[in-house]
K.L.:
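Take a look at this one; I'll ask things after.
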Amino acid sequence: MSRQDATDDASAAIGSALYGLATRAVKRLPRDMSITSAATLATLHRTGPRRITDLAVAEGVTQPAMTVLVRVMEESGLVERKGDASDRRVTLVCLTEAGTSYVLARRQAGVDAFARLIDELADDDVAALVAALPALARLAELESQDREGPRA
């Protein structure tokens with residue numbers, strides 16, 4: 001097996017493990033709102049106010065679907081629409097305090113769930129995960145750059 005084949009095999013195995021872990025993690029989250037709604041709130045938390053069109057692209061939905069989603073979240077008090085100071089024709093979607101609290105609580109619930117699982121691992125496995133933290137952080141950075149697209 002060539003070095004490139006070994007690298008490709010390792011990448012595929014790591015990708016498969018991360019994908020499986022991510023999909024199981026999503027299934028464990030509270031079902032109090034759709035995954036798209038939660039992802040939209042997380043995007044707003046991470047990137048700040050955005051146009052509905054930008055949110056639709058970031059979350060992979062149509063603009064009309066995002067408009068409906070924003071309206072529902074606005075009625076729930078999680079987001080609000082504000083004018084853009086640099087262009088009065090533009091409306092930006094912003095997180096409210098309640099939206100920020102929701103994102104932080106949901107994230108903490110996920111962290112706590114993984115922490116409980118990690119506590120069950122052997123010390124060597126925990127050390128391996130700690131050693132992988134810089135690479136995982138870089139993967140998250142690359143994925144975020146790839147997904148975010150243009151900002152308003």
Side-chain angles (χ1 to χ4, degrees), residues 10-86 90-152:
S11 293
I14 294 165
S16 178
L18 289 173
Y19 182 79
L21 191 57
T23 56
R24 286 191 296 281
V26 167
K27 289 179 182 179
R28 295 176 77 122
L29 290 173
R31 302 280 187 204
D32 55 345
M33 74 171 49
S34 73
I35 292 171
T36 305
S37 296
T40 300
L41 292 174
T43 295
L44 289 169
H45 186 260
R46 192 175 52 257
T47 66
R50 304 279 295 258
R51 294 178 182 203
I52 285 180
T53 53
D54 293 338
L55 284 172
V57 169
E59 302 309 327
V61 299
T62 63
Q63 182 177 343
M66 183 55 69
T67 299
V68 169
L69 192 79
V70 167
R71 185 174 64 245
V72 168
M73 291 190 299
E74 193 173 28
E75 290 169 357
S76 298
L78 299 171
V79 300
E80 60 187 352
R81 298 177 206 220
K82 292 184 176 179
D84 186 347
S86 65
V90 174
T91 300
L92 299 174
V93 180
C94 310
L95 277 181
T96 62
E97 283 187 39
T100 299
S101 293
Y102 178 85
V103 170
L104 295 176
R106 188 175 176 105
R107 180 177 297 145
Q108 190 60 51
V111 168
D112 293 345
F114 274 112
R116 285 189 298 277
L117 292 172
I118 292 166
D119 286 345
E120 295 180 29
L121 294 174
D123 291 346
D124 289 349
D125 290 334
V126 173
L129 290 174
V130 169
L133 284 173
L136 291 171
R138 180 67 180 133
L139 272 177
E141 182 181 303
L142 290 170
E143 193 280 335
S144 180
Q145 290 171 357
D146 185 52
R147 238 181 96 86
E148 291 308 320
R151 262 196 88 179

K.L.:
Take Leu92 and Arg51 through the test side-chain contact (heavy atoms from CB on, under 4.5 Å) and record every step on the way to the result.
P.N.:
CA-CA 5 Å; Leu92 299 174; Arg51 294 178 182 203; 3.9 Å; yes

K.L.:
Would you name the heavy atoms of Met33 and Ala38 that are closest together and state the gap between them?
P.N.:
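Closest approach of Met33 to Ala38: SD-N, 3.5 Å.
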
K.L.:
Looking only at heavy atoms, what is the nearest atom pair of Val126 and Ile118, with distance?
P.N.:
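Between these two residues, the closest heavy atoms are CG2-O, 3.8 Å.
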
K.L.:
Evaluate whether atom CG of Asp119 has more than 12 neighbouring non-hydrogen atoms of other residues, nucleotides or ligands under 6.0 angstrom away.
P.N.:
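More than 12 heavy atoms, drawn from other residues, nucleotides or ligands, come within 6.0 Å of this atom.
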
K.L.:
Is there a donor-acceptor pair closer than 3.5 Å between any side-chain N or O of Thr96 and the backbone N or O of Leu78?
P.N.:
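Checked: pair present.
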
K.L.:
Measuring only between side-chain heavy atoms, which start at C-beta, is Leu55 closer than 4.5 Å to Leu69?
P.N.:
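In short, these two side chains do not touch, never coming nearer than 4.5 Å.
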
K.L.:
I'd like to know if the side chain of Arg107 reaches the main chain of Val103, judged simply by a donor and an acceptor atom lying under 3.5 Å from each other, with no hydrogens or angles considered.
P.N.:
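A pair under 3.5 Å: no.
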
K.L.:
State the CD-CE distance between Gln63 and Met66, to the nearest 0.5 angstrom.
P.N.:
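Reported value, rounded in 0.5 Å steps: 10.0 Å.
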
K.L.:
Apply side-chain contact (heavy atoms from CB on, under 4.5 Å) to Val93 and Glu74, showing your working.
P.N.:
CA-CA 9 Å; Val93 180; Glu74 193 173 28; over 6 Å; no

K.L.:
Rounded to the nearest 0.5 Å, how far apart are OG1 of Thr40 and NE2 of His45?
P.N.:
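Going from the OG1 atom of Thr40 to the NE2 atom of His45 covers 14.5 Å.
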
K.L.:
Passes side-chain contact (heavy atoms from CB on, under 4.5 Å), Arg81 versus Arg71? Steps please.
P.N.:
CA-CA 9 Å; Arg81 298 177 206 220; Arg71 185 174 64 245; 4.0 Å; yes

K.L.:
Got a second to check how far Asp32's CG is from Ser37's OG, nearest 0.5 Å?
P.N.:
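Nearest 0.5 Å value for the CG-OG distance: 9.5 Å.
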
K.L.:
In Å, rounded to the nearest 0.5 Å, how long is the span from OG1 of Thr47 to CG of Asp54?
P.N.:
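Reported value, rounded in 0.5 Å steps: 9.0 Å.
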
K.L.:
Can you measure from CG (Leu95) to OH (Tyr102) and round to the nearest 0.5 angstrom?
P.N.:
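The CG atom of Leu95 sits 12.0 Å away from the OH atom of Tyr102.
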
K.L.:
Which atom pair, heavy atoms only, marks the closest approach of Gly77 to Ala98?
P.N.:
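Smallest interatomic distance, heavy atoms only, reads O-CB, 3.6 Å.
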
K.L.:
With distance as the sole test, does Ser76 use its side chain to make a donor-acceptor pair with the main-chain N or O of Val72 at under 3.5 Å?
P.N.:
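Pair found, side chain donor or acceptor close to backbone of Val72.
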
K.L.:
Run the side-chain contact (heavy atoms from CB on, under 4.5 Å) check on Leu139 and Glu143 step by step: do they pass?
P.N.:
CA-CA 6 Å; Leu139 272 177; Glu143 193 280 335; over 6 Å; no

K.L.:
Kindly compute the distance separating CG (Leu44) from CD (Glu59), expressed to the nearest 0.5 Å.
P.N.:
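The CD atom of Glu59 is 8.0 Å from CG of Leu44, to the nearest 0.5 Å.
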
